[in-house]
Chemist: 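Pasting a structure below so you can have a look.
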Amino acid sequence: HVQLVESGGGSVQAGGSLRLSCVRSGVEYSTMYMGWFRQAPGKEREGVARIWSSGGSPYYTDSVKGRFTISQDNAKNTLYLQMNSLKPEDTAMYYCAAGTRCTWEPRWYNYWGQGTQVTVS
């Protein structure tokens, strides 16, 4: 049974920080890309950050470079997204996902969490 469970969302003021966590189980993560996506109301889902589960350089979308950091603790089967210097435009539902391609295209991600809301005011 594949499961991704996010946590850590909340409401913060602009300039604040949050750390999202995604606990994974039942996923062959050693051969998958792990990513964070977000979706704001009325907008398409967009990739924010991704990393190969076996390590390597992470990828970030331009709007979060220098502010967000993706990391993972494979011993804990957990993916993280540290978000600093948050802006109102970062407000969205954030999703953890696992896929088999190095891409921002959501359709190539087979497994998704339920999402965690981030609101920046």
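Heavy atoms only: backbone and side chains are in, while hydrogens, waters and symmetry mates are out.
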Chemist: Write down the atom of Leu4, the atom of Arg24, and the distance for their closest heavy-atom approach.
Modeler: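 Looks like CD2-CB, 3.3 Å.
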
Chemist: So which atom in Tyr109 and which in Gly35 form the shortest heavy-atom distance, rounded to 0.1 Å?
Modeler: CE2-N, 4.3 Å

Chemist: Apply side-chain contact (heavy atoms from CB on, under 4.5 Å) to Met32 and Thr100, showing your working.
Modeler: CA-CA 5 Å; Met32 303 192 81; Thr100 56; 4.1 Å; yes

Chemist: Is it the case that the side chain of Thr103 and the backbone of Arg101 share a donor-acceptor pair, with hydrogens and angles ignored and the cut-off at 3.5 Å?
Modeler: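 Not at all, since once roles are kept as given, no pair shorter than 3.5 Å links the two residues.
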
Chemist: Using the side-chain contact (heavy atoms from CB on, under 4.5 Å) rule, take Met83 and Val12 through it: C-alpha gap first, then chi angles, then the decisive distance, then the call.
Modeler: CA-CA 11 Å; Met83 305 185 295; Val12 296; over 6 Å; no

Chemist: Specify the closest pair of heavy atoms between Val120 and Thr91, including all atoms of both residues, with the distance to one decimal.
Modeler: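 Heavy atoms only, the tightest pair is N-OG1, 2.9 Å.
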
Chemist: Would you please name every residue forming a side-chain hydrogen bond (donor to acceptor under 3.5 Å, both in side chains) with Asp62, sequence neighbours left out?
Modeler: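 With neighbours one apart ignored, the set is Lys65.
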
Chemist: Would you compute the distance between atom CG of Leu86 and atom OG of Ser11 and round it to the nearest 0.5 angstrom?
Modeler: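 These two atoms lie 11.0 Å from each other.
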
Chemist: Can you find a pair of side-chain heavy atoms, one from Ile51 and one from Tyr60, that are under 4.5 Å apart?
Modeler: no

Chemist: Count the heavy atoms of every other residue, nucleotide or ligand shown that sit under 6.0 Å from CD of Glu89, and state whether that count exceeds 12.
Modeler: yes

Chemist: Drop me the distance from Gln13's CD to Thr119's OG1, to the nearest 0.5 angstrom.
Modeler: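 Reported value, rounded in 0.5 Å steps: 13.0 Å.
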
Chemist: For residues Pro58 and Ile70, report the shortest heavy-atom separation together with the two atoms involved.
Modeler: CB-CG2, 3.4 Å

Chemist: Pro41: which residues meet the side-chain contact (heavy atoms from CB on, under 4.5 Å) condition with it, sequence neighbours left out?
Modeler: none

Chemist: When clusters are formed by joining ILVMFWY residues with side-chain heavy atoms under 4.5 Å apart, either directly or through shared neighbours, do Tyr80 and Phe68 land in the same one?
Modeler: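 No, separate clusters.
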
Chemist: Sequence neighbours left out, what passes side-chain hydrogen bond (donor to acceptor under 3.5 Å, both in side chains) with Ser7? Give chain and number order.
Modeler: none

Chemist: Would you say Val23 and Phe37 are hydrophobically clustered, going by side-chain heavy atoms of ILVMFWY under 4.5 Å?
Modeler: no

Chemist: Of all the heavy-atom pairs spanning Met34 and Cys96, show the shortest one and how long it is.
Modeler: CE-SG, 4.2 Å

Chemist: Between Trp36 and Leu79, is any pair of side-chain heavy atoms under 4.5 Å apart?
Modeler: yes

Chemist: Please name the pair of heavy atoms, one in Pro106 and one in Trp112, separated by the smallest distance, quoted to 0.1 Å.
Modeler: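 Shortest heavy-atom contact: O-CZ2, 3.5 Å.
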
Chemist: Taking Trp52's backbone N and O only, do any of them form a donor-acceptor pair with Gln72's side chain (distance below 3.5 Å, no angle check)?
Modeler: yes

Chemist: Please, which pairs that meet salt bridge (charged side-chain N to carboxylate O under 4.0 Å, His left out) have at least one residue in residues 39-51, sequence neighbours excluded?
Modeler: Arg38-Glu46

Chemist: Linking directly or through intermediates, with side-chain heavy atoms under 4.5 Å: list the remaining ILVMFWY members grouped with Tyr59, chain and number order.
Modeler: Trp104

Chemist: Do any pairs count as a salt bridge (charged side-chain N to carboxylate O under 4.0 Å, His left out) and have a residue in residues 3-23, sequence neighbours left out, and if so which ones?
Modeler: none

Chemist: If I take atom CG from residue Leu20 and atom OH from residue Tyr94, how far apart are they, to the nearest 0.5 angstrom?
Modeler: 7.5 Å

